[in-house]
Amino acid sequence: MTNTELAATFSKIADLLQIKGEVIYKILAYRKAAESLTDLGREARAVWEEGGIPALIEIPGVGKAIAEKIDELLTTGELEFLNKLTAEIPGTLADLMPVPDLGPKKIKLFYDELDIRTLDQLEEAAQNGKLRGLPGMGEKSEAKILAGIASLKRRKETGDRIPLERAWPFAQEQLAFLRGLPGVEAVEAAGSLRRMRETVGDLDLLVAASDSGPVMEAFTTQPGVARVLGQGPTKSSVEYTNGMRAQVWVYPPERYGTALQYATGSKDHSVKLRELALDQGLSLSEHALTDTETEKEILCTTEQEVYEKLGLQWVPPEMREDRGEVALAKTGKLPRLVEIGDIVSSLHNHSDYSDGKTTMREMAEAAIARGIKVLAITDHSYSLGIVQGVTAEDLLKQREELDALQKDLGSRIRLLLGVELEIRADGTLDFEDDVLATLDIVVAALHVSLRQPREQVTERLLNAIRNPHVDVIGHPTGRQIPDRDPADLDMDAIFAAAQEHDVALELNANPRRLDLKDIYVRRAMEMGIKLSINTDAHHPDHFDLLHFGVATARRGWATPEAVINCWKPEKLLVWLETRGG
DNA sequence: GCCGTTTTCGGCCCGACTGTTTTCAGTCG
């Protein structure tokens, strides 16, 4: 049973308990545990095999009761507690919770009064006007539920969260639109986009303006808006014709700091802040910090002031997931996270020797223009058929050409010849050691047979890590957002091997990959494993995807020391040279 | 159900918006 499956179980329990009307804090505890399991950088099963229930209790949000339930689930695959619960109320009621504007109270009402247990039954009842007679229900509520069901079905087809790759550019357009409106003093994307999560639920846009009315009016009536989901003086939300949703908040400039903090979240991070504020006799809301005694407001123009007033270091948005950052900020010990300006080397790139779109020279010149000091050309090796990868002979020719190019470019950039070495389906590598030994850097990667059984696909990657010539494992899990799942790897084994053999794990910056993902970056950091952030550029423009990788690294609390691309070129070259057996 | 440099029991954030209401409940973030 995977973390995802465990999380789904506890999430379902939370839904059913909420519909049943259980006290909210118990429900929140199950939800917190579900989220914590999802965010755990390793498998709960491995934790459990190592240390049993006591080890499980070490997981944040998991106490004795939930640890015992995990134990039962991992032992038997069943959970007596859930079985009893579904004997009381139908388990299918949990499927209704994702319907927008439909919550536990109404689900309970419909079940009690009309015996509605499924989405289809609910839809039918709404269509036939059966809901409007119930207490607190009217025609509008009924229509809202139908719209919610339609929206849910749509999102099921397209995926309920939008990949950062799509959300980011669209958000930039919306920000530009808002920035251009009269009276607007500042604009910022908040929410999970500002935290740079790999997928985004909806866009959260924050505006500083003294008069909100005109901004709200312009926002909700702009071209591209399919329907207005809500509109008030401080908050409005819309659905666009492209299916995305956004909400915009408008606050006066003098309250912008608290508003930005609130809109950025995450919810759990903000709750921690609000609790901390209460300890200091302050109530924190999106409008202000308020002294609970005197009810006097303290306004914060900037977010920095909010954190400062609470006695905290300012927490970078990427860290705001309630994963221990508030405690560190309290003691002033937040790590110095990697920044885009720290990156001086680009170590996984392609040219027209394989499937890159341009020559090595064009790539080098584009890299120089972006301030890159070390550029590795790592074309695919030959067995990856579809891209016409390089053979040993090609590498000789490529080396000659690269040497000439290096001479030409002089000290403006240091060029390295490498390869993106194919890890074949049978676990062997495309080149023998004598060929690999001639290269400056080797990035080994999986591209084929990603669906092999766990043991087999893990062993392939381990074999590559053990090879003394392999320096970096490229996009380790092979996932693509949103449609390709990662290979079923034993990540504990991969991390242990990378640590033992001092092999760097890549954080592929392409927003379709972001592989390693944030929680694995965090685990790599904890284990002292080196990271390599690369754009995997197949075209000069791809160098500009770097910020996605850096943001993901920051989400995993990566420091510049841990990222080999941040090292001084001399240090990097020494590291690469002393490797290779 | 979880958690603890003021607590192992008694806490556990705060507000906006909508729809159905005559003052509030439900949902969302």
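These values consider heavy atoms only, across backbone and side chains, with no hydrogens, waters or symmetry-generated copies. Every chain is numbered from 1, with letters handed out A, B, ... down the list of sequences.
The partner of dG26(B) is dC17(B), judged by Watson-Crick or G-U wobble contacts that both fall below 3.5 Å.
In this structure, of dC14(B), dT20(B), dC2(B), it is dC14(B) that holds the atom nearest to the side chain of Ser283(A). Of the candidate nucleotides dG29(B), dC13(B), dG1(B), dG29(B) has the atom nearest to the side chain of Gln247(A). Set against dG26(B), dC12(B), dC14(B), the side chain of Lys105(A) has dG26(B) as its closest nucleotide. Proximity note for Ser285(A) (side chain, C-beta onward) versus dG15(B), dG19(B), dG29(B): the nearest is dG15(B).
In this structure, Ser141(A) reaches the dT20(B) phosphate: one of its side-chain N or O atoms is under 4.0 Å from OP1 or OP2. The shortest distance between the side-chain N/O atoms of Thr234(A) and the OP1/OP2 oxygens of dC17(B) is below 4.0 Å.
Comparing the C1' positions of dG15(B) and dT8(B) gives a spacing of 33 Å, expressed to the nearest Å. Annotation: dC13(B) and dC28(B) have their C1' atoms spaced 14 Å apart (nearest Å).
Residue Lys106(A) is classed as a sugar-phosphate contact, given heavy-atom separations below 4.0 Å to backbone atoms only. Val23(A) comes within 4.0 angstrom of no nucleic acid atom, judged by non-hydrogen atoms across all strands. Across all strands, Lys267(A) comes closer than 4.0 Å to base atoms (heavy-atom distances). As judged by a 4.0 angstrom heavy-atom cut-off over every strand, Lys69(A) is placed among residues touching the sugar-phosphate backbone only. Across all strands shown, Pro135(A) has no heavy atoms under 4.0 Å from either base or sugar-phosphate atoms. Using a 4.0 Å heavy-atom cutoff across all strands shown, Leu102(A) reaches sugar-phosphate atoms only and no base atom. Residue contacts shown for Glu142(A) are absent, as no nucleic acid heavy atom lies under 4.0 Å away. When heavy atoms are screened at a 4.0 angstrom cut-off, Leu284(A) is found touching the sugar-phosphate backbone but no base atom.
At a non-hydrogen distance threshold of 4.0 Å, Tyr30(A) from residues 30-46 of chain A come into contact with DNA chain B. Within residues 112-132 of chain A, no residue is approached by DNA chain B to less than 4.0 Å at the level of any non-hydrogen atom.
Where stacking is scored as ring centres under 5.5 Å apart with planes under 30°, Tyr25(A) does not register as stacked on the base of dC2(B).
Atom CD in Gln261(A) sits about 12 Å away from atom C1' in dC14(B), given to the nearest Å.
Each of Glu318(A), His269(A), Glu321(A) was scored for a side-chain hydrogen bond (donor to acceptor under 3.5 Å, both in side chains) with Arg195(A), with one residue passing: Glu321(A).
When every heavy atom of Leu131(A) is checked against every heavy atom of Met137(A), the shortest pair comes out as O-CB, 3.2 Å.
Aromatic ring orientation, His547(A) versus Trp168(A): tilted (interplanar angle from 30° to 60°).
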